[in-house]
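Being a predicted model, the structure only gives us computed values, none of them experimental.
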Amino acid sequence: MFTLNAWASTGRIKLPFYKVGRRTMYKESDLLAFLEGACPNFCVNGVSNHI
């Protein structure tokens, strides 16, 4: 989740997030929608190309 937090803080991606104290929280539905949209760029058959 560190990458998501960095992207959210820099505005690199448009993924809604919510701050709860010091924690950054994401709705599951927002994460799934993001992954579905990003998968053609990062995945093959639903498996990440990046480890």
Side-chain angles (χ1 to χ4, degrees):
M1 288 298 208
F2 294 114
T3 300
L4 285 177
N5 292 341
W7 289 349
S9 68
T10 62
R12 181 175 175 189
I13 60 168
K14 301 300 180 205
L15 180 62
F17 65 94
Y18 309 90
K19 295 295 285 186
V20 179
R22 295 178 58 190
R23 298 179 67 159
T24 303
M25 308 292 286
Y26 302 90
K27 283 186 177 179
E28 183 178 2
S29 58
D30 291 337
L31 286 173
L32 291 174
F34 169 74
L35 290 174
E36 286 178 10
C39 207
N41 298 324
F42 297 107
C43 304
V44 175
N45 297 325
V47 179
S48 175
N49 291 326
H50 303 211
I51 297 175

Practice prompt. Can you sort out the partners of K19 under side chain to side chain donor-acceptor pair (under 3.5 Å), two or more places apart, ordered by chain and number?
Written response: T24

Worksheet item: Rounded to the nearest 0.5 Å, what separation is found between the CG atom of L4 and the CZ atom of F34?
Response: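 One finds 6.5 Å between CG of L4 and CZ of F34.
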
Discussion item. To the closest 0.5 Å, what do you measure between CE (M25) and CG (L31)?
Written reply: 10.5 Å

Worksheet item: Under 3.5 Å, side chain of Y18 to main-chain N/O of R23, donor-acceptor pair present?
Response: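 Not a single qualifying donor-acceptor pair exists.
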
Worksheet item: Where do D30 and L15 come nearest, in terms of heavy atoms and distance?
Response: O-CD1, 3.5 Å

